[in-house]
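Numbered from 1 within each chain, the chains take letters A, B, ... in sequence-line order.
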Number of protein chains: 4
Amino acid sequence: MSENVAAFPQAENENDHGDDTDKSSGSSDGGKDVGGVAGARLRSFIERIERLEEEKAALMEDIKEVYAEAKGTGFDTKTMRKIISLRKMETEKRRESEELLELYKSAIGMV
Amino acid sequence: MSENVAAFPQAENENDHGDDTDKSSGSSDGGKDVGGVAGARLRSFIERIERLEEEKAALMEDIKEVYAEAKGTGFDTKTMRKIISLRKMETEKRRESEELLELYKSAIGMV
Amino acid sequence: MSENVAAFPQAENENDHGDDTDKSSGSSDGGKDVGGVAGARLRSFIERIERLEEEKAALMEDIKEVYAEAKGTGFDTKTMRKIISLRKMETEKRRESEELLELYKSAIGMV
Amino acid sequence: MSENVAAFPQAENENDHGDDTDKSSGSSDGGKDVGGVAGARLRSFIERIERLEEEKAALMEDIKEVYAEAKGTGFDTKTMRKIISLRKMETEKRRESEELLELYKSAIGMV
DNA sequence: ACCGTGGTTAGCTTTC
DNA sequence: GAAAGCTAACCACGGT
């Protein structure tokens with residue numbers, strides 16, 4: 001019990017009046033709320049997440065398709081990626097990194 | 001036929017070590033179609049991608065929020081992630097097994 | 001065409017009296033010597049590969065440890081990675097890529 | 001310099017304009033220790049990593065050779081790869097399941 | 001002989 | 001500060 005992992009909600013209350021555990025409508029399992037309301041909620045959360053991840057995967061697929069189309073038109077996708085990444089990058093931070101890199105390079109004589 | 005998109009679309013080639021003395025710094029449209037139709041197309045592709053990536057980022061945000069909500073309800077997100085990962089693994093493994101089966105079938109002529 | 005994948009070298013081995021070179025009782029996938037000696041050979045190849053991949057994984061672990069040690073000494077690992085990657089890169093190729101990138105950038109007006 | 005990136009271990013130095021091109025051997029800590037002890041250590045780390053990566057590359061080469069040999073014997077490498085991947089997946093999944101079980105156990109106080 | 005595809009690896013982010 | 005998951009780049013292979 002070194003780390004409290006708290007898999008299920010009912011554990012978080014410090015007011016642990018222990019008799020609230022088995023309220024689940026005559027559940028035959030006697031105790032764990034297996035299949036009970038917490039289980040239902042958990043399932044719901046998980047399904048929501050899985051649904052969102054599917055959408056994300058679809059979007060990634062779309063992106064890949066755009067790249068493919070661009071490539072089919074004759075563009076170089078590697079360069080495109082580089083451009084997009086550059087546009088995302090803050091200039092300041094980039095410059096700093098480059099300075100640091102120079103420093104290191106001179107440190108090892110790789111001028 | 002000679003409707004070759006020119007300028008950009010042949011970029012993929014990385015050898016061609018020609019030391020391109022033709023500096024495009026002059027930004028004359030003479031040869032490169034800089035800012036011309038290929039440039040416009042490229043820009044369009046890039047903007048489409050950036051738009052999709054924004055949507056993706058939004059989705060990722062949503063996912064984070066669901067986790068946060070679940071956590072607020074008392075669930076342990078680490079466990080949730082593991083469950084989701086296992087479920088995904090099951091799906092993947094099943095899919096791969098089916099592919100393997102197909103492979104075997106074709107191997108023995110059961111096509 | 002040519003759906004013939006030929007998973008096994010000599011499939012026509014009708015003499016399939018399980019000559020039990022196969023000792024693996026616990027094997028999950030058909031560890032059976034279906035097809036005669038070919039199964040044994042296949043298993044041998046696969047085990048050799050798995051062994052090599054273990055070694056590779058160990059090596060990757062070692063590399064991670066060196067990075068960790070360097071970090072513990074105060075170096076910035078991200079920069080180190082960059083240096084290593086630069087050293088691997090042929091200068092010529094890198095310069096060319098940069099030129100191409102410049103070209104693209106000017107193409108979309110991102111000067 | 002929003003984030004202190006900790007360019008060099010000996011950090012204590014606040015004078016940061018390393019204008020002094022001090023390459024002299026008896027560098028008296030006045031500047032960056034360029035080429036000094038930190039540089040030497042960095043170089044050592046980098047060389048160790050590069051050595052390990054060479055070994056790794058050799059191992060990858062070996063793996064390729066085994067695949068080639070198997071192919072020469074008549075096996076279908078694609079199938080082999082899939083089998084190996086499935087076997088790895090099994091191992092991973094089993095490990096993860098066990099972790100999940102531990103998680104659950106601690107969650108219900110079965111520590 | 002080239003292109004497209006998929007699988008692999010490394011780097012980055014985020015979490016604990 | 002360490003660990004893991006996610007993402008993107010790389011590379012090798014098979015197909016056309």
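- In summary, B:E90 and D:K93 engage in a salt bridge, as defined by a charged side-chain N under 4.0 Å from a carboxylate O.
- Atom-to-atom, NZ of D:K78 to P of E:dT5 comes out at 13 Å; the value is rounded to the nearest Å.
- For the pair D:D76 CG and F:dG15 P, the computed distance is 9 Å after rounding to whole Å.
- Across all strands, A:S85 comes closer than 4.0 Å to no nucleic acid atom at all (heavy-atom distances).
- Among the protein residues, B:E99 comes within range of no part of the nucleic acid, since none of its heavy atoms lies under 4.0 Å from any strand.
- Using a 4.0 Å heavy-atom distance criterion, B:K64 is classed as a sugar-phosphate-only contact.
- The side chain of C:M60 lies closest to E:dA10 when the candidates are F:dC13, E:dA10, E:dG7.
- Residue C:L59 contributes atom CG, which lies 15 Å from atom C1' of E:dA10 at whole-angstrom precision.
- The NZ-C1' distance, from A:K56 to F:dT7, rounds to 9 Å in whole Å.
- Distance D:L52 CG to E:dT9 C1': 16 Å, rounded to the nearest Å.
- Nearer to the 5' terminus of DNA chain F, by closest-nucleotide assignment, is the contact made by C:A68 (compared with the other of B:K88 and C:A68).
- When rounded to the nearest whole Å, the span between CG of B:L103 and P of E:dG6 equals 14 Å.
- How far CD1 of B:I83 is from CZ of B:F75: 9.5 Å, rounded to the nearest 0.5 Å.
- Here NZ of B:K64 is found 12.0 Å from OG1 of B:T77. Values are rounded to the nearest 0.5 Å.
- Nearest nucleotide to the side chain of D:K71, out of F:dT7, F:dA9, F:dG14: F:dG14.
- B:T73 places a side-chain N or O within donor-acceptor distance of the main-chain N or O of B:E69, the cut-off being under 3.5 Å.
- In this structure, the CD atom of D:E61 is 13 Å from the P atom of E:dT9, given to the nearest Å.
- Between the CZ atom of C:R81 and the C1' atom of E:dT13 there is a distance of 14 Å, rounded to whole Å.
- Atom NZ of D:K56 has more than 12 neighbouring heavy atoms from other residues, nucleotides or ligands inside a 6.0 Å radius.
- Under 4.0 angstrom from either OP1 or OP2 of E:dC12 there lies no side-chain N or O belonging to C:T77.
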